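Report on the structure given below.
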Amino acid sequence: MKEPMILNHPLLQHKVSHLRDVNTGTKEFKELVSEIAMLMCYEATRDLPTQEVEITTPITTDKFKVLAGRKLAVVPILRAGLGMVDGVLALIPAAKVGHIGLYRDPASLEPVEYYCKLPADISEREVMVVDPMLATGGSASDAITQIKKRGAKTIKFLCIIAAPEGIKRLHDTHPDVEIYAAALDKCLNEHGYIVPGLGDAGDRIFGTK
Ligand code: PRP
Ligand code: URA
């Protein structure tokens with residue numbers, strides 16, 4: 001069982017606070033989501049394996065560490081997860097990108113899947129599933145179930161804001177999945193929104209409110 005990682009880095013706290021602000025407009029919101037995703041990706045890739053190779057500097061030849069070539073994939077949960085992809089790819093440009101489309105039914109709060117396209121070799125890749133919000137945890141749990149059904153074995157989940165309810169559900173459903181969050185909020189309100197949260201992440205990223 002993996003304990004959730006709440007990344008209390010001051011840069012993340014600063015950026016997440018601005019993200020929450022109701023006066024932050026679409027352009028800045030999108031930029032902040034991307035920057036936060038990049039910082040989170042830095043933390044979530046700490047355990048990537050390295051290998052030593054011989055490199056000649058202008059001074060001498062010695063052995064140095066480089067990435068051992070583990071294959072990665074990033075899978076945003078559509079649509080809000082799309083906002084995190086650029087930030088992840090800024091650090092790992094060779095990662096393949098899959099997409100899974102889910103929306104949360106506003107009445108039942110249960111996720112409805114409408115799209116899934118993953119790299120053909122997903123079973124050989126370490127997968128980072130990204131979505132800014134982990135509220136009830138229904139979307140993340142279902143997305144990861146579908147991604148596992150298609151062969152993925154090693155999965156991390158990166159969200160910007162998590163609710164305790166979402167962490168519990170995802171943890172109970174997929175105890176093998178490491179959860180990374182930039183902030184852990186208090187609770188959900190009666191509409192399933194995270195409190196204090198930031199509102200509807202997809203609407204704020206794409207300006208559809
Ligand atoms: C939001 C968010 C997550 C989901 C979280 O997506 O981006 O995918 O809700 O809620 P849950 O943990 O209770 O499932 P939404 O359904 O609003 O779709 P969108 O990204 O298309 O706006
Ligand atoms: N989805 C969002 O975008 N925000 C929430 O607070 C909960 C679900």
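Just so it is clear, the structure is predicted and the values come from calculations on it, not from any experiment. Counting convention: from 1, in listed order, for ligands and their atoms alike.
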Exercise. Exactly which residues line ligand 1, taking a heavy atom under 4.0 Å from it as the test?
Worked result: L78, R79, A80, Y103, R104, D131, M133, L134, A135, T136, G137, G138, S139, D200, G202

Exercise. Is the shortest side-chain N to carboxylate O distance from E126 to K71 below 4.0 Å?
Worked result: no

For this session: Indicate yes or no: does R20 engage D185 in a salt bridge with an N to O separation below 4.0 Å.
Result: yes

For this session: Give a yes-or-no answer on whether the side chains of D105 and S108 include a donor-acceptor pair shorter than 3.5 Å.
Result: yes

Exercise. Going from CD1 on I122 to CD1 on I147, what distance comes out if it is rounded to the nearest 0.5 angstrom?
Worked result: 7.0 Å

In a simple table, one pair per line, please give the protein and ligand 2 atom names for every N or O pair closer than 3.5 Å, along with the distance.
residue	atom	partner	partner atom	Å
ligand 2	3 (O)	A201	N	2.8
ligand 2	4 (N)	G199	O	2.8
ligand 2	6 (O)	I194	N	2.8

Exercise. Which ring-ring contact (aromatic ring centres under 6.0 Å, His included) pairs, counting each pair once, include a residue from residues 13-55, with sequence neighbours left out?
Worked result: H14-H18

Seminar exercise, completed: Interatomic distance, CG@L12 vs OG@S17, rounded to 0.5 Å, equals 10.5 Å

Problem set entry | Qualifying salt bridge (charged side-chain N to carboxylate O under 4.0 Å, His left out) pairs, either residue in residues 132-144, two or more places apart | none

Exercise. Hey, what do you get for CG (L32) to NZ (K27), rounding to the nearest 0.5 Å?
Worked result: 10.0 Å

Exercise. If you round to the nearest 0.5 Å, how far is CG of L82 from CD1 of I205?
Worked result: 8.0 Å

